[in-house]
> 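The structure follows.
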Amino acid sequence: MLKTHTCGELRKEHVGQTVTLAGWVNRRRDHGGLIFIDLRDRWGMTQIVADPAQSGEAHKAASEARGEYVLQVTGVVRARPEEMVNPDLGTGEIELEATVIKILNPAKTPPFYIYSDEKVEEALRMKYRYLDLRRRRMQRNLILRHQVVKYIRDFLAERGFVEIETPVLFKTTPEGARDYLVPSRVHPGKFYALPQSPQQLKQLLMVAGYERYFQIARCFRDEDQRGDRQPEFTQLDLEMSFVERADVMSLIETLMTGIVKDVSDCELLYEPFPRLTYKEAMDRFGTDRPDLRYGLELTDVSAIAAKTEFKVFTGAVEAGGAVKALVAPGCGDYSRRQAEELEVIVQEAGAKGLAWLAVNADGTARGGAARFFEGERLAELLEATGAQPGDLVLFVADEYTMVSAALDALRREFARRLELADPKKISFCWVIDFPLFFWNEEEQRWDPSHHLFTAPLPEDAHLLYTDPGAARGAQYDLVCNGYEVAGGSIRIHDRAMQERVFELIGLDMATARERFGHMLEAFEYGTPPHGGIAPGIDRIVMLLAGEPNIREVIAFPKNQQASDMMADAPSVVEPIQLEELHIRVVED
RNA sequence: GGGGGCGUAGUGUAGCGGUUAACAUGUCGGCCUGUCAAGCCGAAGAUCGCGGGUUCGAAUCCCGUCGCUCCCGCCA
């Protein structure tokens, strides 16, 4: 080893020892005579003192060193005098008096500060990601990520789970997201697909009798990016045999609680995790992934609105839609203009418009919708919504899903404005009882709301034959701070039921056999009832780290255009490579 | 595919129709033996993303384009 200790290690008890450190020059303070260097490595920083009276050569090397030079320093650990102790540094009670300083490697001046977490344009950080990763923020995030993954491995190993790797080169599944395809050299015109998740393989591992499987699995989906979505991402993929919904949920709840408490410095808000049905989540929050760190719940005021003279309200109710309200506490002082500017938010979510009123101190109301709510009507409204004097009440009237989407957007906007979402707080909840299918109007068929192996709740199984839209799935989503962080289900292990699902989603048996023949056949050889879940590691670590997007917890992420800006991937390839793969590129 | 935001020395920002484009920091040089965001003095460093237009005059206004980013669609 080129170092005897780390830069974060030396304390008072090492005083007098001769040690060797190695690391990067974080900062250098040249006093002409004495030179101080903060030598940095992953573990911390140690102050090096180069005194020309002690070693002329070490002092000369120190004067040549610049930011980010890589140095090896040998010297004697010395206690700092009382008034020179640096309480901000773990090693602040000592310093290393250099006898030998060796420049292991010089460094160009970096394009941005390494020693400061000052904001730098993300494109530049990505181009020099290896420098960005030297910064404290990224080191903290990646180490946190390691700790989370290690906690998961230890936790599951203790409980009898086996970690099994599954192939990255597998088979296309056109039902889901767009696949990343890999051409086959050996099979002209044929392609592997990178897995969107190891879904089929983990179910086959249950057929194979492993009973408890997990994997820290890389997944690939060729869809457009978001702050919480990357073309490749990591899931804790997990599957168990002989379990019911409650078993999987309880395991994950214990795991997540442990991670938050033992690995992060975040506060866990609710134990046990609240459980919401899909319907309840949509009714109360307008979304199936509500952020429960704050209230701002929606109120259905359709019944009251139907009694008003407001055509927009009555029309929506008559058409079978809904009128729902959101109360923005303390925002009653919004001007007409401020209130009307909010309309953009709901319009972006697809709603036609936004109605509003502010509750005055005397209990009367002002604003666009105020004239429809007078006297008893207003009293009813305030009673229903809980709005107080000084509050702003916002209404959206439309089809139920539109109202939900619009008020969800508005709710999140007010959480932001009122700073209600504390990033140090972690609030999980389960969302259950999803409909098994959503009706796809365009294709005139049922689409699975989770995936096509999801079983219905046992008590709803008969509905597959009578009223598929009413069947609830044995599905569970884990939501954290407004993000879906895990989704799972109990799977279908019965061939007849699986075939019925294929039929409902418009997959004829010939096609199903071609795509999933191996699954169908496997299910005929003694399949245990089984189910699983797949928490998204990137999102969970993002939330624990208090970061705004998952790129901050991925070492080498891709940008919004799915490019790697450091390596410049994807890139053109040699014609010979294409030829071997039997591929011809067509110009647009 | 659609909508919004941003783009000015290495970096972070200011300037938003009118002198030589400003400030901080970094870089380079000088001085400096107790600093830890070291200090003091000095210097260099910008075709204001790119192209076009309006104007006597454009970093500033308009159009286009490129890049990054956020959102909708998409994400079984």
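Please read all numbers here as calculations on a predicted model, not as lab measurements. Each chain gets a letter, A, B and so on, in the order its sequence line appears, and its residues count up from 1.
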> Atom CG of Asp132(A) to atom P of U11(B): distance rounded to whole Å?
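To the nearest whole Å, that distance equals 14 Å.
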
> Quick one: label Gln347(A) by what it contacts on the DNA or RNA (base, sugar-phosphate, nothing), any heavy atom closer than 4.0 Å.
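Since no nucleic acid heavy atom lies under 4.0 Å of Gln347(A), the category is nothing.
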
> Glu97(A) CD to U33(B) P: how many Å, rounded?
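Glu97(A) atom CD is separated from U33(B) atom P by 16 Å.
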
> Are Arg417(A) and Phe414(A) in a cation-pi setup, meaning NZ or CZ lies under 6.0 angstrom from the ring centre and within 45 degrees of the ring axis?
yes

> What is the distance from CD of Glu121(A) to P of G10(B), rounded to the nearest Å?
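Distance check: Glu121(A) CD to G10(B) P gives 13 Å.
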
> Say we look at C50(B) and G7(B): how far apart would their C1' atoms be, to the nearest angstrom?
11 Å

> For the P atoms, the ones on C16(B) and on G49(B), what distance do you get once it is rounded to whole angstrom?
16 Å

> For Ser489(A) and Arg491(A), indicate whether the former's side chain and the latter's backbone hold a donor-acceptor pair under 3.5 Å.
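No, Ser489(A) side chain to Arg491(A) backbone: no donor-acceptor pair under 3.5 Å.
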
> Leu124(A) near the nucleic acid: base, sugar-phosphate alone, or nothing, with a heavy-atom cut-off under 4.0 Å?
sugar-phosphate

> Please confirm whether the backbone N or O of Leu452(A) pairs with a side-chain atom of Gln498(A), one donor and one acceptor, at under 3.5 Å?
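Between the backbone of Leu452(A) and the side chain of Gln498(A) there is a qualifying donor-acceptor contact (under 3.5 Å).
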
> Whole angstroms only, please: what is the CG-P distance between Asp88(A) and A37(B)?
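Atom-to-atom, Asp88(A) to A37(B), this comes out as 7 Å.
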
> Along nucleotides 69-76 of chain B, 5' to 3', which nucleotides get a B, which get an S, and which get a -, given that the test is a protein heavy-atom distance under 4.0 Å?
BBSBBBBB

> To the nearest Å, give me how far apart CD (Glu83(A)) and P (U35(B)) are.
9 Å

> Would you say Asp564(A)'s side chain and Met566(A)'s backbone share a donor-acceptor pair under 3.5 angstrom?
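Judged by distance alone, yes, a pair lies under 3.5 Å.
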
> Is there ring stacking between His31(A) and G34(B), where the centres must be under 5.5 angstrom apart and the planes under 30 degrees?
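By the stated criterion, His31(A) and G34(B) do not stack.
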
> Check each of Arg135(A), Glu118(A), Lys119(A) against Phe112(A) using the side chain to side chain contact (heavy atoms under 4.5 Å, CB included) test, and report the only one that passes.
Arg135(A)

> Determine the Euclidean distance between corresponding P atoms of G26(B) and U11(B); express it in Å to zero decimal places.
15 Å

> Using the P atoms only, state how far G57(B) lies from G52(B), rounded to an integer number of Å.
15 Å

> Relative to Tyr115(A), does Arg27(A) satisfy both conditions: NZ or CZ under 6.0 angstrom from the six-membered ring centre, and within 45 degrees of the ring's axis?
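Satisfied, under 6.0 Å and within 45°.
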
> May I ask you to verify whether the side chain of Glu118(A) and the base of U25(B) hold a donor-acceptor pair under 3.5 Å?
no

> Could you tell me whether the phosphate oxygens of U35(B), OP1 or OP2, come under 4.0 Å of any side-chain nitrogen or oxygen in Arg29(A)?
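No, because none of the side-chain N or O atoms of Arg29(A) sits under 4.0 Å from OP1 or OP2 of U35(B).
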
> Without decimals, in angstroms, what is the distance between Glu93(A) CD and C36(B) C1'?
15 Å

> Identify the nucleotide, in any strand shown, that forms a Watson-Crick or G-U wobble pair with U54(B), with both distances under 3.5 Å; if there is none, say none.
none

> Is the side chain of Asn141(A) donor-acceptor paired with the backbone N or O of Glu552(A) at a distance under 3.5 Å, no angle test?
yes

> Would you mind telling me which residue lines up with the more 5' stretch of RNA chain B, Arg28(A) or Phe112(A), judged by nearest nucleotide?
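It is Phe112(A), whose closest nucleotide lies nearer the 5' terminus.
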
> Could you tell me how far U27(B) sits from U20(B) if I compare only their P atoms? Round to whole Å.
32 Å

> So, Glu343(A) side chain and Gly353(A) main chain: donor-acceptor pair closer than 3.5 Å or not?
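Checked: no pair found.
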
> For Leu504(A) and Phe437(A): C-alpha separation, side-chain torsions, deciding distance, then whether side chain to side chain contact (heavy atoms under 4.5 Å, CB included) applies.
CA-CA 9 Å; Leu504(A) 287 167; Phe437(A) 304 104; 3.7 Å; yes

> I'd like to know if the side chain of Asp460(A) reaches the main chain of Leu463(A), judged simply by a donor and an acceptor atom lying under 3.5 Å from each other, with no hydrogens or angles considered.
no

> How far, in whole Å, is G45(B) from G10(B) if one measures between their C1' atoms?
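About 9 Å, rounded to a whole number of Å.
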
> Give the rounded distance in Å between these two atoms: CD of Gln47(A) and C1' of A38(B).
11 Å

> Nearest-nucleotide wise, let me know which of Val120(A) and Asp38(A) is further upstream toward the 5' end of RNA chain B.
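The residue whose closest nucleotide sits nearer the 5' end is Val120(A).
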
> Please determine, for G67(B), whether a Watson-Crick or G-U wobble partner exists with both distances under 3.5 Å, and give it or none.
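Partner of G67(B): C6(B).
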
> Under a 3.5 Å cut-off for both distances, is G39(B) Watson-Crick or wobble paired, and to whom?
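Partner of G39(B): C31(B).
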
> How would nucleotides 26-31 of chain B be written as a contact map, 5' to 3', with B for base contact, S for sugar-phosphate-only contact and - for no contact, using protein heavy atoms under 4.0 Å?
SSSS--

> Can you check the distance between G12(B) and G53(B), where both ends of the measurement are the C1' atom (answer in whole Å)?
32 Å

> Pick the P atom in A46(B) and in C71(B), then give their distance to the nearest Å.
37 Å

> Can you check whether Asp222(A)'s main-chain N or O pairs, donor with acceptor, with Arg178(A)'s side chain at less than 3.5 Å?
yes

> In the strands shown, is C23(B) matched to any nucleotide by a Watson-Crick or G-U wobble pair with both distances under 3.5 Å, and which?
G12(B)

> In whole angstrom, give the distance that lies between atom CZ of Arg78(A) and atom P of U33(B).
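For the pair Arg78(A) CZ and U33(B) P, the rounded distance is 16 Å.
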
